[in-house]
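Worksheet: one structure, shown below.
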Amino acid sequence: MSKDTLTITDNRTGKTYEVDIANGTIKAMDLRKIKVSEEDFGLMTYDPAFQNTASTSSKITFIDGDKGILEYRGYPIEQVAEKASFLEVVWLLQNGELPNAKQLEGFRNQVTMHTMVHENMREFIDGFRYDAHPMGILLSTVGALSTFYPEAKNVGDATNRRIQMTRLVAKIPTLAAYAYRHRRGLPIVYPDNDLSYAGNFLNMMFKMTEPKYRPNPAVEKALDVLFTLHADHEQNCSTSTMRVVGSSKADPYSALAAAAAALYGPLHGGANEEVIYMLRKIGSKERIPDFIKSVKAGEGKLMGFGHRVYKNYDPRAKVIKRLADEVFDAIGKNPLIDIAIELEKIALEDEYFVKRKLYPNVDFYSGLIYEAMGIPLDMMTVLFAIGRTPGWLAQWEELLNDPEQKIARPRQVYLGPSRREFVSIDKR
Ligand code: ACO
């Protein structure tokens, strides 16, 4: 008869143990009873980079990396991207269900009410060098927001938590646009609450002297979809950071600053920027074979390819590829797209990439759309951060409500020197 347990025999002692299997996992703590002696600490798992460790249970996002499936609260990403606005998605991630029309309108008003940031924030931003990377500005100013809302520390209060979550979703685009305007030496543009979430962001980025900024509808729609596609991706590097920092009961502004810092890295959210550098460096379709050869020789990576979880086409990349055509029809083609398409074709037929199951990820095409929209390269990770904010927050709240969670504190395998006597400086 089959049983949901695992039998382990410790060949060091000959003892046999039985541990429960639930949801395809065993509890790491159950292994601690496996000991060679009473004094033994007990068996641990060794899993650098958490490649096979579930750090939490979650009801927010489902991914089947082998099949290329991504679902938010059970809804396939393709349907969500086509049918829901970004603010609907924010509600869905945070509440578990799609909002009805009244709920959505109420939420839209709430977010709109919170788009302004304290004027002191302008002074902080003015203090950055003229060429400061906007991601550095974003993560610093998000962290600084915690000083304006000291009540945010009260993370155990559900109502208070929700106010901070709404503030964060509302203010991140404002901070992001301020960072861009600082870099360009342009005056900041205040939020225009007549506009949609994405439309207002474009207004704060690009408004010049016209009395009223009117976003291009195709660009506005595409940006909204791009935010949706980035909204959550379960326990990735930045979300895990959000949870780890949140587990110490830090306020959400500080935790989100840490998550944004994790996103900044070129192996995570920084990859879309790197894809454009790579495509520019390749320069023409004729040079693709040489570039592929250099990647295979270990001289660099094919940026925008590969994923820790997807061993199939990233479903977000499929949506973005289609979206790129719509945007290019409306505002003109990014000339790098032809190189990208050819590069993808060659890579997907090459044994090196096939064998390693390396497919385009979300970043492969997103940078091309952003570039066509006039978004500079160093703002691309910032846009990723805007989209990912609701996911970080939903995961953070789920963590705080999870009775199984405690302060995150991994173990280590110590391989350093064993105990020795201190040597005074004159004897070294
Ligand atoms: N180009 C060339 N080779 C690659 C690539 C790539 N983009 N990605 C992985 N590989 C190779 C590795 O060298 C390794 O080869 P080996 O087995 O011969 O040593 C093999 O494929 C497995 O790769 P790992 O590094 O073990 O895969 P891991 O899951 O650790 O890394 C990651 C995933 C970081 C995304 C990686 O694929 C990568 O660096 N990609 C490029 C950067 C990128 O696009 N990042 C965005 C990810 S999506 C996101 O964060 C939103």
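Numbers for residues simply follow the sequence, beginning at 1. Ligands are counted one by one from 1 in listed order, and the atoms in each one are counted from 1 as well.
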Item checked: Nearest-0.5 Å distance, CD1 of residue Ile331 to CE of residue Met373 -> 6.0 Å
Next item on the list: Measure the distance from atom 1 (N) of ligand 1 to every protein heavy atom, then report the residue, atom name and distance (to 0.1 Å) of the closest one.
Entry: Leu302 N, 3.0 Å
Check: Do Phe206 and Tyr213 have their ring centres less than 6.0 Å from each other?
Finding: no
Checklist line | Nearest non-hydrogen protein atom, atom 50 (O) of ligand 1 | finding: His268 ND1, 3.0 Å
Next item on the list: Sorted by first residue and then second, give each side-chain hydrogen bond (donor to acceptor under 3.5 Å, both in side chains) pair with at least one member in residues 328-344; sequence neighbours left out.
Entry: Tyr313-Glu344, Lys321-Glu344, Lys333-Asp338, Asn334-Glu371, Glu344-Tyr365
Next item on the list: Any side-chain hydrogen bond (donor to acceptor under 3.5 Å, both in side chains) involving residues 348-357? Give me the pairs, sequence neighbours left out, ordered by first then second residue.
Entry: Lys296-Asp350
Next item on the list: Considering only protein heavy atoms, determine whether one is less than 4.0 Å from atom 45 (N) of ligand 1.
Entry: yes
Next item on the list: Distance to 0.1 Å, residue and atom name: give those for the protein heavy atom nearest to atom 2 (C) of ligand 1.
Entry: Val295 CG1, 3.5 Å
Check: Heavy-atom contacts under 4.0 Å between Phe364 and ligand 1: side chain, backbone, both, or neither?
Finding: neither
Margin query: Centre-to-centre under 6.0 Å for His182 and Tyr130, is that the case here?
Written below: no
Note to self: Suppose we measure from atom 16 (P) of ligand 1 to each protein heavy atom; which comes out shortest, and what is that distance?
What the structure shows: Arg356 NE, 3.6 Å
Notebook entry, point to check: Which residue owns the protein heavy atom closest to atom 9 (C) of ligand 1, what's the atom, and how far is it?
Noted result: Leu358 CD2, 3.5 Å
Note to self: Give me the residue, atom name and distance of the protein heavy atom closest to atom 39 (O) of ligand 1.
What the structure shows: Lys301 NZ, 2.8 Å
Notebook entry, point to check: Can you name the one residue among Glu397, Glu234, Glu398 that meets salt bridge (Lys or Arg N to Asp or Glu O under 4.0 Å) with Arg243?
Noted result: Glu398
Item checked: Heavy-atom protein contact below 4.0 Å for atom 28 (P) of ligand 1 -> yes
Check: How far is atom 48 (S) of ligand 1 from its nearest protein heavy atom, and which residue and atom name does that atom have?
Finding: His307 CD2, 3.6 Å
Check: Do the charged groups of Glu274 and Lys301 touch, with an N to O distance under 4.0 Å?
Finding: no
Item checked: Reported OH-to-OG1 distance for the pair Tyr197 and Thr112, which is rounded to 0.5 angstrom -> 10.0 Å
Item checked: Any protein heavy atom nearer than 4.0 Å to atom 22 (C) of ligand 1 -> no
Margin query: For atom 30 (O) of ligand 1, what is the closest protein heavy atom, and at what distance to 0.1 Å?
Written below: Arg308 NH2, 2.9 Å
Note to self: If we count only non-hydrogen protein atoms and require a distance under 4.0 Å, does atom 32 (C) of ligand 1 qualify as touching the protein?
What the structure shows: no
Next item on the list: Decide if the gap between the ring center of Tyr310 and the ring center of His233 is smaller than 6.0 angstrom.
Entry: yes
